[in-house]
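I'd like to ask some things about the structure below.
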Amino acid sequence: MNIQIITKILTDAGIEENEAKKEVKMLLEHFSNYTELDRLLGKILPENDWNRVLQKAELRAQTRLPIQYIIGESYFMGEYFKVSPSVLIPRDETELLVREAIKIIKNNNFKNVLDIGTGSGCIACTIAKQTEAVVLGVDISLDALRVALDNVTKLGINNRAVFRKSDLFEKIRVNETFDIIISNPPYIPIGTTVDLEVMKEPAIALFSDENGLKFYRKIIEKAPTYLNPEGYLMFELGYGESLEVKTLMEKSFCKITILKDLAGIDRVIYGQLN
Ligand code: GLN
């Protein structure tokens, strides 16, 4: 058994070569103690370890489950987060949103953050870990919240990120207010064709009615009730949605700012309560 054979199992299943190589490395590091250094030193991996890696590669090839679900972890902003098919896999683009939120929180000494549609809790936990703020993460999915809670333990931030089952603001009390409301809502227009792997992620975390805008509209309508004066509302944006979301925000928010991701796509929008 060797790395080439395992890589071929993945490429034969239609996984692109560079991606397959990366995934084999991830499988080796996760399901054995074999590191890149061991490979360079020509260390031989015990047959048992190969078999475990082989099994996982076959599972990946047969099911096209994203590699992160097979490993059970995903890297985001310097930490490994637990993930399962109940949650969206954290995306690189989301780092832009979280970095900007952390800057705003630190500059303003903000203490209370609400993360709507928290999923794995990657946004809530990272903010809690890297600032002094306490973050409430809400999600409609109990299974997602279980994963988010495990991530609180994993990151050692007990009591700094807390979670509640709520359909958007449904279970937020009127006297509960926040300095920032942040969300990476489902924003892919229903009917859009997505990759095989993306189809394995929870549809409720991905797709939205109203051309992808439903959750922006709903959150923008209610956010003013739950924000402190001059509080911020921040979103990750879906492709081509910035102008429409900006228009929705302009009714109650000012100083609207849009940030582009590395691909030059409008990816983050935020504004301050009027
Ligand atoms: N907040 C989580 C993330 O950004 C989940 C978002 C979602 O499920 N739409 O990854």
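As the structure lists them, so they are numbered: ligands from 1, and atoms in each ligand from 1. Remember, it's a predicted structure, so these values are computed and weren't measured experimentally.
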**Report entry** Residue pairs involving residues 13-44 (criterion ring-ring contact (aromatic ring centres under 6.0 Å, His included); sequence neighbours excluded)
**Finding:** none

Report summary line: Those residues at least two apart in sequence (or on a different chain) that pass side-chain hydrogen bond (donor to acceptor under 3.5 Å, both in side chains) with K200 are none

**Report entry** Element-labelled atoms of ligand 1 that are located less than 4.0 Å from some non-hydrogen atom of L88
**Finding:** 6 (C), 7 (C), 8 (O), 10 (O)

**Report entry** For atom 6 (C) of ligand 1, the protein heavy atom that lies nearest, with its residue and separation
**Finding:** N184 O, 3.2 Å

Query - The one among G137, C122, G117, P90 that brings a heavy atom closest to atom 1 (N) of ligand 1 - result: G117

Query raised in the report: Are the aromatic rings of Y216 and F235 close, with centres under 6.0 Å apart?
Result: yes

Query raised in the report: Which one holds for I123 and ligand 1: side chain close, backbone close, both close, or neither close, with close meaning a heavy atom under 4.0 Å?
Result: side chain

Query raised in the report: Would Y187 and F215 count as a close aromatic pair, with their ring centres under 6.0 Å?
Result: no

Report summary line: protein heavy-atom neighbour closest to atom 8 (O) of ligand 1 works out as A205 CB, 3.2 Å

Query raised in the report: Any salt bridge between E132 and K111, counting N to O under 4.0 Å?
Result: no

**Report entry** Close-contact set for ligand 1 against T118 heavy atoms, below 4.0 Å
**Finding:** 1 (N), 2 (C), 5 (C)

